Structures are given as structure tokens and as C-alpha cells.
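For reference, the structure discussed in these notes is given below.
Since we're looking at a predicted model, the values are computed, not measured.
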Amino acid sequence: MNRRMLPEWTEQWGVMLTWPHTGTDWSAWLGDVERSYGAIAREVTRRENLLVVAQDEPHAKRIRGLIETAGGDTARVHFRFAASNDTWARDHGPLTVESSGGLELLDFVFNGWGNKWPAEDDDAINRRLEEARTFAAPMTHVDLVMEGGALETDGLGTLMTTRRCLLSPERNPQLDEAAIENALQEWLGADRVLWLDHGHLEGDDTDSHIDTLARFADAETIVYQACDDRSDSHFGDLAKMRDELETFRTPAGEPYRLLALPWPKAQHDPVTGQRLPATYANYLVINGAVLAPSYDDPADHKARVVLNKAFPQHDIIMIDCRPIIRGFGSLHCITMQLPIGTVASQESNDAVASQEDQ
């Protein structure tokens, strides 16, 4: 079967969110992070559907009220119930591929970013969604550790990632680089892989997910996180990453159009003082808009300008992600897009999910 991973700008049915709760690491600042989630829900439901993974019906009722208060369209919000360790849907949600047989959802193994954190419940979420008859496309369970945040595709057979993540010995220790490339070809249709050796954010525990560093905006454009502050500890490594990006070529042999995102000022956890992984590269493309992280920083406006160049046909909507980066990720990390054709008719399935949870 010749699969091809769909790019994020494919027309979407909606977006998946796994909502925070008191049993997650968010509990100490739950109200703050839920306001960020509510803002994301508002912007998504203005344009498409939202699939929310909640703990149970009382949790869903609370979430529904929060989204309504935020100005979201609750008629477009669809709930499913599943236990969760955490809420990083980008890494435990399903990846969508297309083949001659149609759309297919891939459920890779999620092991908490190389066994750093408990992830048994998160790893089971896709199966719970499948059991609730959520999807219209078939789901294939793949015995390979892989996270959505580690993968960028142009939709035409080029995949961009980092060696630090995909070759981590805590993910697939039995596979070397050639074997990983073969797996990316088999499951995601990667005709070629663009590997980055440089680029890392302090506070990031994903081993350099590509979606914090460099992103395809189209098949010829890469948007990347730059650092222009020579005194910052990130300056040298991100400069080397830029140099690597400049060597990359499109399938036609041309250099990519590179768009540099501005460097946000250093963000620190207000309690521990730990530096947090603030990045503008962690944006989400939805139908007609790009939702991008903001950090109450003058660079927020500059990031909007760059993203408008990358996505001139989209509205650029900035979302305050300061509460989210306290969990060591940002906006893209907590979301997973679901293309049109992947989700079943929701009216009857929402009722089934509710009945089965009772």
C-alpha cells in the first residue's frame, strides 16, 4: 500500500483536544491553562469542529461551559470519554495518511517521549476513540514509537524531522537511521527525509520535536525559529540549524524559501524559575486561519507578520500560550488536526459515547 501523510493544511473536519484535568500536571494552574484551551476552542469552532477528549460526563459539562464562556460554538464541540495521563494530543492523537484505498488513521505507540513520563492512558486514547465509533476512516495500530510533533511533511513525499528525537535510544532502540527511514517510507510515504542535527529549546523534554523548530508552510517554504540574541544560550545551535536549512533542497533541486520567526524573550516558570520552551514555530493551521502562540512580547507582532507572509490566505490569530509552555510545550503540541473524511457523523455517535459512559 502506497501511503502518503497528509499535510496540516489539508481541509479539516476539525481539531482534537485532550482537555486538562486535576489529575494532570496542569492542576496547579488549571484555570489559567483552561483559558488558553478555551481561546483555542473558540477560534477552532468558528471555522470547523472540535473533538474533545474528556474524563467523563461531569468533566464534559464543565468544558462545555468554559467553551461557551470563551465565545465558542458549542454546537460544533463533540465529546469522547477516555482517561488521560496528560493532554498532548499532537503526540498521542492519530496521524492521517492517504492511499489508493482512501484515508487511514495510524495509531503509533506513545511512550511518554522516550519513557520520561507515564503514558499508558494516553497511549490508549486512540483505541478508546475507535471503540466509541468516532472515526469514518479505518485505524491501523503500528508497533512503532512515533509522535506527531516529531514529523513535518509537505504532503508530496518529503518529511522533515530531527535525529535527536527519532534516533533516541528510548524510542525504537532496535532501529538505526536506515530502518527508521524505511519505516517512514512504509507508513508515511516519505520518499526522502530531511534530517536536522541542530536545534533545541531549553525546557523541551521531547528531544527536539521538529514542530518547535521548523515547519513547512507549503512544498517550497519552511518557517523556522531563529534567535538573534548573541547572548542567549540558544544562539549558536539555532544558527547551525539555520545553516542546515539553507542546504536543504526541494524535490526540484531548488533551495527552500526560508522565513525566520523572531526570537521571544526568555520565559520562566513563575514558581520554579525554570526556563520554558517559548517558540513561535508551534503554530496550528486550520481552515482559513493559523493559530499561533503569543507570549506578551513585542516579538508577538513580528511573528504575526512572518506567518502572514507564509500563509497569506489565512487569518493569523495569536493565542496566549504562557500557561501552556509551563507544561513544556505550546499550541501545536496540544492539538491534532482531523481532515475531512476521517470522522464519522457525530450526532448519533455523540449519543452512543454518552450512553456507553453511563
Is it true that His209 and Trp88 have ring centroids separated by less than 6.0 Å? no

Side-chain donor or acceptor of Thr74 paired with backbone N/O of Glu68 under 3.5 Å: no

Do [X] and [Y] sit within salt-bridge range, that is, some charged N less than 4.0 Å from a carboxylate O?
X	Y	answer
Asp237	Lys240	no
Asp207	Arg164	no
Asp191	Arg4	yes

If you apply the rule side chain to side chain contact (heavy atoms under 4.5 Å, CB included), what do you find for Val44 with Leu17, and how did you get there? CA-CA 11 Å; Val44 169; Leu17 286 176; over 6 Å; no

Heavy atoms only: give me the nearest [X]-[Y] pair and the separation to one decimal.
X	Y	result
Ile286	His314	O-CD2, 3.7 Å
Gly199	Ser208	O-OG, 2.9 Å
Leu194	Tyr256	CD1-OH, 3.8 Å

Indicate whether any N or O donor in one side chain lies under 3.5 Å from an N or O acceptor in the other, for [X] and [Y].
X	Y	result
Thr206	Glu147	no
Glu104	Ser99	no
Arg90	Gln337	yes
Asp25	Trp117	no

Taking the side chain as every heavy atom from C-beta outward, state whether Ile324 and Ile40 have any pair of such atoms under 4.5 Å apart. yes

Are the side chains of Trp13 and His78 in contact, using a 4.5 Å heavy-atom criterion? yes

Among residues two or more places apart or on two chains, list those pairs meeting ring-ring contact (aromatic ring centres under 6.0 Å, His included) that have a residue in residues 30-58. Trp19-Tyr37

For residues 229-250, which residue pairs qualify under ring-ring contact (aromatic ring centres under 6.0 Å, His included), counting only residues two or more places apart or in two chains? His234-Trp263

Following the transitive rule for hydrophobic clusters with a side-chain heavy-atom cut-off under 4.5 Å over Ile, Leu, Val, Met, Phe, Trp and Tyr, establish whether Leu331 and Leu213 coincide in one cluster. no

Quiz: residues 152-159 side-chain donor-acceptor pairs under 3.5 angstrom, not counting sequence neighbours:
residue : atom : partner : partner atom : Å
Glu152  : OE1  : Phe216  : N            : 2.9
Glu152  : OE2  : Arg215  : NE           : 2.6
Thr153  : OG1  : Gly155  : N            : 3.0
Thr153  : OG1  : Thr158  : O            : 3.3
Asp154  : OD1  : Leu156  : N            : 2.8
Asp154  : OD1  : Gly157  : N            : 3.3
Asp154  : OD1  : Thr158  : N            : 3.0
Asp154  : OD2  : Thr158  : OG1          : 3.3
Thr158  : OG1  : Arg192  : NE           : 2.8
Thr158  : OG1  : Arg192  : NH2          : 3.4

Quick one: list whatever passes salt bridge (Lys or Arg N to Asp or Glu O under 4.0 Å) with [X], sequence neighbours left out.
X	value
Arg249	none
Glu43	Arg46, Arg47
Glu170	none

Within this structure, what is the OG1-CG distance for the pair Thr18 and Leu129, rounded to the nearest 0.5 Å? 7.5 Å

Using 30° and 60° as the class boundaries, would you call the ring planes of Trp187 and Phe108 parallel, tilted or perpendicular? perpendicular

